[in-house]
Enquirer: 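This is the structure I have questions about; it appears just below.
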Amino acid sequence: MAKRVVLAYSGGLDTSVAVRWMIDELGVEVVALAVDVGQSSDDWDVVTERAKAAGAVEAVVVDARQEFAEDFVAPALKANALYEGRYPLVSALSRPVIVKHLVAAAREHGAGAVAHGCTGKGNDQVRFEVSARALAPDLEVIAPVRGWGMSREESILYAYRHDIPIQATKEKVYSIDDNLWGRAIECGEMEDPWAVPPQAVWLLTRPVADQPRDLVIGFDQGVPVEIDGERLGMLEVVERLNTVVGAYGWGRVDMVENRRVGIKSRETYECPASLALILAHKDLESICLERDLDREKARIEPRYAELIYDGLWFSPLKQALDAFVDSSQEFVSGEVRLHLEPGSCVVTGRRSPHSLYDYELATYDAADSFRHEDSAGFVRLWGLGIETWAQRQGSRREG
Ligand code: ARG
């Protein structure tokens, strides 16, 4: 058993109790590592104080927002990654970056193990552990919450007995995980898939704006770099869009999804920035990607999303798909106009210096340069096989 453990620490009840529990039950030293991926957390000073009060020998905060935006969110956007066609992989995307920092901290602090606070029913344990094994097969992975068998009430009592300063006395109904790519809200009354999510669960998508507006997003090789002509980094683009698009009450997802561990789960998400960016990016691809490339990419995208969902961010297939996706983005530069109204966000225009849209080919007016006479022979050959089938076989069915 390792002597020192680096724990992915959130500042919440479970990870705070986990600090003390691992010290007492496993006889290890605990380094608490909080990774900032843009979540709405308590003040980071409060978080580190809490970890220390729980018994951590050291409590560290890493600001990984920029890295998360550029190295994890941007590739997912280039791949239009939506799990089961709808979920932009908010939590799933953050786990590999957290693990990257866990492993780095384990090396730095001479730890032989990393730990996480996930339960045994979710996807996040899968992502933490598989990512850790991919990056550092020599490190042990400890999952205290999965094994300790304490109910929520018992955990609160445990914290109370050990003077761990948690704020969990009031009833906590929802399980929430958030970062700059969106927010996931589960549990409570929403465990009934028929129940309407209470208004109070929505935070990023409260409809406060009533004036319709346009938003022009500029892309460079598949990555957003501008909003309304203003040059911005990936992180700023996402932050800005969460505020602007979220204010129109748009970007919610309500679905029952298939977890990796075989459970169907009712999930609600609010992801104004991610859904708006995927919408715009996909639209820009419609003029920048040659047809076959566009179609093959669309076939690969669901697989790419599944790999992220299933904890396989660090895997050879994901690497190979990244190479394909990156290559596809060479000419995906240009602008997309989004129109926002309360409850809606739609594309109303797209343009690109690399556009494959050819006005003279597409137009029906005098500028038309399409060679109409070529079509007659093309269509005849296109239908030749069907014609032969109709004559020899298809006609027999009618009788
Ligand atoms: N179902 C989503 C996923 O697997 C959200 C998970 C949210 N995590 C949480 N600890 N509440 O990606």
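Ligands are counted one by one from 1 in listed order, and the atoms in each one are counted from 1 as well. Numbering starts at 1 and runs along the sequence shown. Every value quoted in this text rests on a predicted model; they were computed, and no experiment measured them.
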Enquirer: Are any non-hydrogen side-chain atoms of Tyr9 and Leu33 less than 4.5 angstrom apart?
Expert: no

Enquirer: Among protein heavy atoms, which sits nearest to atom 12 (O) of ligand 1, and what does the distance come to when rounded to 0.1 Å?
Expert: Tyr87 OH, 2.6 Å

Enquirer: Of all the non-hydrogen atoms in the protein, which one sits nearest to atom 2 (C) of ligand 1, and at what distance?
Expert: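 Nearest protein contact, heavy atoms only, for atom 2 (C) of ligand 1 is Tyr269 OH, 3.1 Å.
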
Enquirer: Which residue supplies the protein heavy atom nearest to atom 8 (N) of ligand 1, what is that atom called, and how far is it?
Expert: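 Answer, as residue, atom name and distance: Asp124 OD2, 3.1 Å.
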
Enquirer: Say whether Ser265 and ligand 1 are in contact under the criterion: heavy-atom distance to a ligand atom below 4.0 Å.
Expert: no

Enquirer: Mark yes or no for whether Thr363, through its side chain, and Tyr359, through its backbone, hold a donor-acceptor pair below 3.5 Å.
Expert: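 No: the side chain of Thr363 does not pair with the backbone of Tyr359.
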
Enquirer: So, the side chain of Asp220 versus the backbone of Val223: is there a donor-acceptor pair under 3.5 Å, distance only?
Expert: no

Enquirer: Can you pull out the closest protein heavy atom to atom 5 (C) of ligand 1? Residue, atom name and distance to 0.1 Å, please.
Expert: Ser91 OG, 3.6 Å

Enquirer: Would you mind listing which atoms of ligand 1 come within a distance below 4.0 Å of any non-hydrogen atom of Asp177?
Expert: 7 (C), 8 (N), 9 (C), 11 (N)

Enquirer: Under 4.0 Å, heavy atoms only, figure out whether ligand 1 is touched by the backbone of Arg266, its side chain, both or neither.
Expert: neither

Enquirer: Treating Ile, Leu, Val, Met, Phe, Trp and Tyr as nodes and any side-chain heavy-atom pair under 4.5 angstrom as an edge, say whether Val145 and Val130 lie in one connected cluster.
Expert: no

Enquirer: Please state which option from Leu93, Val126, Asn123 has its nearest heavy atom closest to atom 4 (O) of ligand 1.
Expert: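 Nearest option to atom 4 (O) of ligand 1, by heavy atoms: Asn123.
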
Enquirer: For atom 9 (C) of ligand 1, what is the nearest protein heavy atom, given as residue, atom name and distance?
Expert: Glu186 OE2, 3.5 Å

Enquirer: Quick one: are Trp181 and Phe72 in side-chain contact, heavy atoms under 4.5 Å?
Expert: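 No, too far: nothing below the 4.5 Å cut-off.
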
Enquirer: Can you list the ligand 1 atoms lying under 4.0 Å from a non-hydrogen atom of Arg127?
Expert: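 Those of ligand 1 that fall under 4.0 Å from Arg127 are 3 (C), 4 (O), 12 (O).
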
Enquirer: Given side chains that start at C-beta, do those of Asn80 and Glu285 come closer than 4.5 Å, heavy atoms only?
Expert: yes

Enquirer: Is the distance between the ring centroids of Trp148 and Tyr158 less than 6.0 Å?
Expert: no

Enquirer: Which heavy atom of the protein is the closest neighbour of atom 1 (N) of ligand 1, given with residue, atom name and distance?
Expert: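 Scanning the protein heavy atoms, the shortest distance from atom 1 (N) of ligand 1 goes to Glu257 OE2, 2.6 Å.
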
Enquirer: Over 60° means perpendicular and under 30° means parallel, so tell me whether Tyr83 and Tyr309 are parallel, tilted or perpendicular.
Expert: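 Rings of Tyr83 and Tyr309: parallel, under 30°.
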
